[in-house]
Amino acid sequence: MSKIDSNTITIYNSLKGEKEIFKPISAPNLGIYVCGPTVYSNVHLGNCRTFLSFDNIVRYFKFLGYNVRYVRNITDAGHLVDDAEQGEDKISKKARLEKLEPMEIVQKYTLDFHQVLSQFNALPPSIEPTATGHIQEQITMINAILDKGLAYEANGSIYFDVKKYNAEGGNYGELSGRNIEDLMAGSRALDGQSEKKNPQDFALWKKASPEHIMRWDSPWGVGFPGWHLECSAMGTKYLGEQFDIHGGGMDLKFPHHECEIAQGKACNGVSPVNYWMHANMLTLNGQKMSKSTGNTLLPEELFSGKNDLLEKAYSPMVVRFFMLQAHYRSILDFSSEALNASEKGFHKLMEAKSALNNLMYKPGVVSETADKKVKDLIADCYANMNDDFNTPKTIAVLFELVNKINKMLAEKAIDLSEIVFNELKEIFNGFIEDVFGLKPEITTNNGKLDVVLELLIGMRNNAKQNKDYALSDQIRDELNNIGIQLKDSKEGTTYTIK
RNA sequence: GGUCUCUUGGCCGAGUGGCUAGGCAGUAGUCUGCAAAACUAUCUACGCCGGUUCGAAUCCGGCAGAGACCUCCA
């Protein structure tokens with residue numbers, strides 16, 4: 001029985017508002033689309049949380065043996081600073097401010113995005129399409145929606161007709177739980193005369209004003225695509241008219257994802273996505289991290305410790321572990337105190353992993369109780385991940401296994417059968433490395449360091465035998481100050497580099 | 001203002017109608033020359049007020065506080 005068949009996954013589907021059993025369209029193939037960043041500035045830590053949440057989800061699917069096509073776009077055009085009426089394209093604005101070509105901005109921040117995610121050990125997507133690379137596909141989609149009569153042209157721009165879409169059986173609001181009567185009643189009166197028939201209509205194509213630098217020819221004149229359209233066009237192109245999972249940050253639920261559903265249904269006649277997943281926000285000082293309000297923390301500031309909010313630097317792996325300790329659908333508040341706790345926990349976990357891998361199996365007295373306990377804990381790891389990717393609960397189980405590993409080390413006895421012992425190794429490593437993407441932190445160990453430390457440990461042991469504790473403690477304490485911790489046990493002294 | 005969500009011990013954070021989450025911190029013990037690490041034991045909970053129930057922190061209602069979306073945001 002394959003792991004795919006033996007693990008039934010439940011997913012909280014935002015569209016239904018409840019957990020559902022996940023039924024892929026054509027297992028073992030699986031299509032997932034995640035909304036990527038708008039590359040007009042550096043990705044901040046809050047952005048990273050969403051991408052890391054979905055990285056873990058994709059990793060778990062792969063771990064189970066799914067053949068995942070993971071599409072994550074780069075938004076490099078069409079995203080307006082204000083609203084669809086008189087907004088300026090975000091990339092264009094930044095290009096004007098930095099006196100660069102828009103594509104220089106795009107390149108600069110795309111590279112930053114890739115570099116940051118790679119530091120966090122996130123897997124690259126299978127396809128990473130850009131909005132500007134799919135103008136034709138977007139135009140084709142607009143034409144299809146126009147043909148259905150669900151969009152209209154106004155002064156060189158094309159708008160989606162939400163009211164008509166709903167009148168003809170559409171259900172705009174189904175994802176975000178809004179009804180359009182409320183939206184109409186509650187919408188602010190816009191200054192000036194709107195081109196839109198109704199305020200909730202959204203742009204599929206915008207006419208470019210003369211000063212707008214990013215512009216393309218279209219059947220309706222020179223302009224640029226609306227933001228919501230790119231994801232619909234690229235999702236359809238690479239994953240089909242209907243695919244398994246669409247993910248993104250909670251803040252994209254409305255209007256972005258709501259509009260995607262409407263566009264997909266209007267164009268193709270089917271709801272584009274079976275399972276909508278939304279990752280919750282990372283907050284700083286109790287407020288959402290947001291580029292526009294400046295309440296942000298950059299990964300680089302975290303890794304270097306150069307920020308007033310931070311007591312010290314934290315490694316990417318510690319930050320990743322910190323995020324894993326909260327469920328992806330919960331708000332997570334960032335603080336130095338919380339990170340400190342995670343840092344210690346992370347080291348404890350990784351040290352147990354390394355100790356386990358160095359432990360050779362020796363036949364001894366096998367305890368059936370111990371065997372069963374370990375097997376149950378392994379099953380719990382799967383069960384917890386199967387339950388809407390509950391990473392914090394899975395980590396709690398891993399710590400129970402840490403306890404078991406340390407106990408075997410302390411007692412110098414393995415009371416597990418060889419089969420269970422090997423399974424423990426395989427699963428413990430598998431969950432930490434493959435599913436959670438946690439790897440040992442980079443050390444400068446090139447082999448010579450081992451020899452140097454063996455030498456120092458030997459010198460310290462001599463000093464201890466001569467009761468020269470001043471010297472032995474000096475060696476221990478000074479090594480500790482530079483992050484090398486000596487650990488004494490009856491078998492001798494080992495060390496850990498932090 | 002409208003829609004929705006959250007409120008757990010010193011901190012961070014899971015979770016369930018009755019059974020120890022876990023991490024960090026604290027306390028005591030084992031070990032140690034002293035520590036650290038590890039092991040053992042252990043202390044702090046479920047915003048407030050009602051209701052349903054044999055039993056609720058968990059379900060329902062009200063109140064208070066916080067947040068998200070309604071405009072660009074992961």
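Below, chain A is the first sequence line, B the second, and so on; all start at residue 1. Side chains included, hydrogens not; waters and symmetry mates left out as well; all remaining heavy atoms used.
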Find every protein N or O atom lying less than 3.5 Å from an N or O atom of nucleotides 37-39 of chain B, and list the pairs.
from   : atom 1 : to      : atom 2 : distance (Å)
A38(B) : O3'    : N406(A) : ND2    : 3.4
C39(B) : OP1    : N406(A) : ND2    : 3.3

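Within 4.0 Å (heavy atoms only), Y469(A) reaches at least one base atom of the nucleic acid. Among the heavy atoms of the strands, none lies under 4.0 Å from G247(A). At a threshold of 4.0 angstrom between heavy atoms, the contacts of H44(A) include nucleobase atoms, whether or not backbone atoms are also involved. Among the heavy atoms of the strands lying under 4.0 Å from G248(A) are primed sugar atoms or P, OP1, OP2 only; no base atom is included.
Here the side chain of S472(A) is nearest to one of G22(B), G33(B), C69(B), namely G33(B). Closest to the side chain of D251(A), from the set A35(B), C69(B), A21(B), is C69(B).
Just one residue in the list V319(A), L302(A), L309(A) forms a side-chain contact (heavy atoms from CB on, under 4.5 Å) with F334(A), and that residue is L302(A). The side-chain contact (heavy atoms from CB on, under 4.5 Å) test with F61(A) is passed by exactly one of D244(A), N56(A), I245(A): I245(A).
Residue K253(A) places none of its side-chain N or O atoms closer than 4.0 Å to OP1 or OP2 of C70(B).
Closest-nucleotide positions on RNA chain B for T283(A) and K291(A) were compared, and the one nearer the 5' end corresponds to T283(A). For the pair S176(A) and K344(A), nearest-nucleotide mapping onto RNA chain B gives the more 5' position to S176(A).
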Nucleotide by nucleotide, nucleotides 6-17 of chain B touches protein heavy atoms under 4.0 Å in the pattern (B base, S sugar-phosphate only, - none) ------SSSS--
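Proximity of a side-chain donor or acceptor of D112(A) to a complementary backbone N or O of V43(A) within less than 3.5 Å is detected.
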